[in-house]
Amino acid sequence: QLQLVESGGGVVQPGESLRLSCAASGFTLDYYTIGWFRQAPGKEREGVSCISPSGAYTNYADSVKGRFTISRDNAKNTVYLQIRSLKPEDTAVYYCAARRNYYCSRYVGDFEYWGQGTQVTVSS
């Protein structure tokens, strides 16, 4: 019923860019905070960015600040993560998640709905 689907991942070279998409169905995206997370093999899932329901407030992990941009198009029921200047350490499965709360969060436990992830691989 309530579903998030990520897309846009792939294999790219260092320095290139990707735009990830998170499409929601079964609920109104307008009233949900959306977070982007990533998980490398053998590592804990970490929050990289979040965006408030209106898009007025955003938050980024220090490791991605200046390279990652989160945005949303509520008319399309979609949230995006624009990634620039990709580095090998960005290699991970990227997940989007939704929480029915006004406030941004990058904590895994705060989010109720999760997508299944899209793979980003940065390699020469």
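- Using modelled atom types, one side-chain atom of Glu6 and one backbone atom of Gln116 make a donor-acceptor pair closer than 3.5 Å.
- Leu20 and Val12 fall within the same hydrophobic cluster, where Ile, Leu, Val, Met, Phe, Trp and Tyr residues are linked whenever their side-chain heavy atoms come under 4.5 Å apart, directly or through other members.
- Annotation: side chain of Ser21 is in contact with side chain of Ser7 (closest heavy-atom distance under 4.5 Å).
- In the displayed structure, Gln82 atom CD is contacted under 6.0 Å by more than 12 heavy atoms of other residues, nucleotides or ligands.
- Minimum interatomic distance between Thr58 and Cys104 (heavy atoms only, all atoms of both residues): CA-SG, 4.3 Å.
- Atom CZ in Arg38 sits 9.0 Å away from atom OG1 in Thr91 (nearest 0.5 Å).
- Minimum heavy-atom separation, Trp114 to Phe111: NE1-O, 3.3 Å.
- Residue Val48 is grouped with residue Val122 when hydrophobic side chains (ILVMFWY) are merged at heavy-atom distances under 4.5 angstrom, including chains of intermediate members.
- Listed here is the closest heavy atom pair of Leu29 and Ala24: CD1-CB, 3.8 Å.
- Note on Val120: it does not cluster hydrophobically with Val11, by side-chain heavy-atom contacts below 4.5 Å among ILVMFWY residues.
- More than 12 heavy atoms of other residues, nucleotides or ligands lie within 6.0 Å of CD in Glu89, so this atom counts as buried by the packing criterion.
- If you take CZ on Arg72 and CG on Asp30, they are separated by 7.0 Å, rounding to the nearest 0.5 Å.
- Once rounded to the nearest 0.5 Å, the distance linking OG of Ser17 with CD1 of Ile83 reads 9.0 Å.
- With respect to Lys65 and Asp62, a salt bridge is recorded, a charged nitrogen being found less than 4.0 Å from a carboxylate O.
- Rounded to the nearest 0.5 Å, atoms CG (Asp90) and OG (Ser63) are 7.5 Å apart.
- A donor-acceptor pair under 3.5 Å links the side-chain atoms of Tyr60 to the main chain of Ile70, judged by distance alone.
- The OH atom of Tyr80 sits 10.5 Å away from atom SG of Cys22, with the distance rounded to the nearest 0.5 Å.
- Nearest heavy-atom pair, Leu2 versus Phe27, reported as atom, atom and distance to 0.1 Å: CD2-CB, 3.3 Å.
- Ring centers of Phe68 and Trp36: at least 6.0 Å apart, outside the cut-off.
- For Arg45 and Phe37, the positive end is not near the middle of the six-membered ring at less than 6.0 Å and at most 45° from its axis.
- Thr33 places a side-chain N or O within 3.5 Å of a backbone atom of Asn101 that can act as its donor or acceptor partner.
- Shown here for Gly115 and Tyr95, the closest heavy-atom pair between the two residues is O-CD2, 3.5 Å.
- Closest approach of Ala92 and Ala40 over heavy atoms only: CB-N, 3.8 Å.
- Considering CG of Leu81 and OG1 of Thr118, their distance stands at 11.0 Å, rounded to 0.5 Å.
- Connection of Tyr94 to Tyr113 is established within a shared hydrophobic cluster, with ILVMFWY side chains joined at heavy-atom distances below 4.5 Å, either directly or through further cluster members.
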Full working for side chain to side chain contact (heavy atoms under 4.5 Å, CB included) between Val79 and Ile51: CA-CA 9 Å; Val79 174; Ile51 187 166; 4.2 Å; yes
